[in-house]
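Report on the following structure.
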Amino acid sequence: MTTKNIYMDHASTTPTRKEVVMAMLPYFANEYGNPGSMHFKGLSAKNALDVARGDVAAVIGASPSEIVFTGSGTESVNLAIKGIAHAYKQNGRHIITQKTEHHAVFDSCKALEKEGFEVTYLNVDRNGLVDLKKLEEAIRPDTILITIMYANNEIGTVQPIKEIAKIAKARNVLFHTDACQAGGLLDINVKNLGVDLLTLNGSKIYGPKGTGMLYVRAGVKLEPVIHGGGQEFGLRSGTENVAGIVGFATALKLAQEERLEESKRLTALRDKLISGILERIPKTFLNGHPTQRLPNNVNVTILDIEGEAIVLHLSELGICASTGSACTSKILEPSHVIRAIGLPYEAAHGSVRLTLGKSNTVADVEYVLEVLSKVVERLRKISPVNLRVEDFVKV
Amino acid sequence: MNMENVKLNERKNEWFYTDVVRDHFFNPRNIFKTNEEAKEFEKAADGKGIVGSPQCGDMMEMWIKVKDDRIVDCKWRTYGCASAIASTSILSLMLTEDGGMRIDDALKIKPQDIVKRLLDLPARKFHCSVLGDKALRAAINDYFRRTGQYGRIVADGAKVIDKVLKITDKDIEEAVLSGALTLEDVQKRTKVGTHDRSCIPEVEQLIEFYRKKYFG
């Protein structure tokens with residue numbers, strides 16, 4: 001195994017940063033109380049929870065009572081979508097989303113369809129953007145929720161969240177955004193954005209895995225998904241993960257403090273990586289929006305070879321990357337996101353995602369460019385496929 | 001607290017497949033070293049077989065040279081994941097080791113035989129990435145055709161349903177037997193009809209037939 005260790009899969013998950021681990025440590029063996037207990041151990045834990053909630057609220061421009069801590073981004077999404085659907089079904093049974101959402105959104109919607117809800121899945125354009133006119137047209141008198149992600153986890157395209165929020169508000173429809181990929185790099189002030197619900201998770205912002213948060217604007221009703229002891233304002237029962245919540249709050253605070261500087265740094269690295277790949281490796285093209293994209297996301301299709309083979313070669317050379325190829329998905333289906341932007345199967349099979357983060361440097365980018373070129377050359381040598389890039393990209 | 005000294009509670013696992021897959025993926029056997037070599041070999045080959053397509057994620061080309069009814073040389077190209085590349089590589093080795101495999105024996109190679117030599121593959125990779133036996137059969141049939149041995153051409157006692165992936169009614173029967181009872185599930189296992197969509201009505205009929213036959 002190589003000694004190189006270049007992690008470029010930050011959209012999958014991030015390492016937990018040291019400050020976060022240190023902040024969490026007291027809440028395992030020492031401050032182990034249940035925040036629901038009345039004795040001093042319980043109160044100490046409750047105090048930590050309150051501080052964390054206050055910190056998170058301040059960072060995203062909300063009130064503490066609008067913050068619900070959960071166990072993951074997926075759980076927050078489930079709570080938002082099913083919670084709204086069940087609480088507002090008297091007003092209507094129609095939900096609007098779009099075709100590049102995360103499976104957490106899709107499968108929550110599918111579950112609701114089985115209960116008799118109707119869901120509109122809006123198309124996106126070649127860059128992955130939702131058409132705002134089409135969104136307006138899709139709104140019906142019985143529409144109760146619009147759920148559209150802030151930034152896409154595969155191709156990095158950033159949706160016009162403020163505009164979507166304005167449309168939703170004007171038509172009196174609630175709006176949830178899955179901001180999991182945006183938490184560390186974009187503006188997540190809920191007042192600026194104008195959203196009613198917003199999902200975040202810890203494991204994408206250098207916080208602990210198994211932590212998430214749902215912002216629920218005051219006045220918005222939700223039916224809980226997990227029932228029990230009534231923790232988290234009755235919206236998410238189960239003894240609070242105090243260490244995790246403290247870790248999440250610490251991570252979010254740090255990420256947002258460093259956001260502008262880090263975004264600028266990563267954008268430069270990203271653009272160097274993109275232009276390097278497109279210039280050095282023939283028959284490649286960028287997936288996702290060229291400018292309205294996450295500062296850390298690179299997603300390219302490399303024709304004539306398959307993504308899993310590329311990822312495993314890169315791993316052997318000390319680089320962690322991912323692919324939208326069917327071979328690596330549990331259901332053996334190629335990326336629905338690459339398909340949604342109008343590209344055929346073979347473009348998804350050959351897609352490679354490199355997502356940058358704190359640890360990455362200019363030297364890392366240069367090493368990846370060098371290694372990737374060689375890997376591509378090796379795999380193309382044994383490939384019987386010879387596609388034309390002109391058939392995928394309008395010249 | 002020194003976080004670097006905290007021990008992992010799991011065995012270190014740095015490779016997804018078996019070591020044999022790893023070996024053949026990183027050091028594929030019987031590949032063309034140069035374009036010139038490829039051109040020469042293709043010209044001199046006695047048979048050529050192609051299976052799969054880039055749309056379905058796996059594609060293989062195989063060339064064989066035959067002498068005294070044995071496969072004395074074999075070269076290939078594969079588009080696909082690590083298991084697809086490794087399974088073609090090991091197949092090429094199985095065919096050419098020990099002075100070359102007799103054609104009649106080569107025709108008997110099943111995907112299971114290839115997986116056995118790879119020591120194992122994840123179940124979900126089995127049907128889609130082990131296409132080598134089908135590419136080989138196509139190459140041997142091509143050889144039979146070129147040499148006028150039409151009587152030896154093997155239709156496999158099975159009917160090809162998906163013309164692109166060369167998936168037969170036997171493959172569909174096997175998928176149903178292993179628990180795939182809907183078109184969707186059979187497609188997950190075999191990818192049937194993902195490229196050659198025209199075969200889907202026939203596939204659905206076959207699934208229905210075998211479902212009734214085996215599960216009542």
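Since this is a predicted model, take the numbers as computed values, not measurements. Convention: sequence-line order gives letters A, B, ...; per-chain numbering from 1. No hydrogens, no waters, no symmetry mates; every other heavy atom, side chains included, goes into these values.
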Answer whether the closest heavy-atom distance between the side chains of [X] and [Y] falls below 4.5 Å.
X: B/Q55; Y: A/H349; result: no
X: B/T88; Y: A/I382; result: no
X: A/K381; Y: B/F32; result: no
X: B/F25; Y: A/L312; result: yes

Worksheet entry | Distance flag, aromatic centroids of A/Y345 and B/H195, threshold under 6.0 Å | no
Item to complete: Look at A/I310, A/L379, A/L387, A/I305 and state which one has the largest set of heavy-atom pairs under 4.5 Å with chain B.
Response: A/I305
Heavy atoms from other residues, nucleotides or ligands near [atom1] of [X] exceed 12 (cutoff 6.0 Å):
X: A/K253; atom1: NZ; answer: no
X: B/F26; atom1: CZ; answer: yes
X: B/E97; atom1: CD; answer: yes

Worksheet, complete the sentence: Closest non-hydrogen atoms of A/P384 and B/T78, given as atom of the first, atom of the second and distance, are CD-C, 3.4 Å
Worksheet entry | Under 4.5 Å from any heavy atom of chain A - which part of B/K75 | neither
Practice prompt. Hey, could you give me each pair passing side chain to side chain donor-acceptor pair (under 3.5 Å) that has a residue in residues 368-379 of chain A? Not counting sequence neighbours.
Written response: none
Fill in: Backbone of B/G80 reached by a side-chain donor or acceptor of A/E308 within 3.5 Å
no
Validation: residues 38-48 of chain B side-chain donor-acceptor distances under 3.5 Å, sequence neighbours left out:
unit_1, atom_1, unit_2, atom_2, d
B/E42, OE2, B/R77, NH1, 3.4
B/D46, OD2, B/V66, N, 2.6

Discussion item. Distance check, rounded to the nearest 0.5 Å: A/R380 atom CZ versus B/Y79 atom OH?
Written reply: 11.0 Å
Fill in: From A/S383 atom OG to B/I31 atom CD1, the distance as rounded to the nearest 0.5 Å
12.0 Å
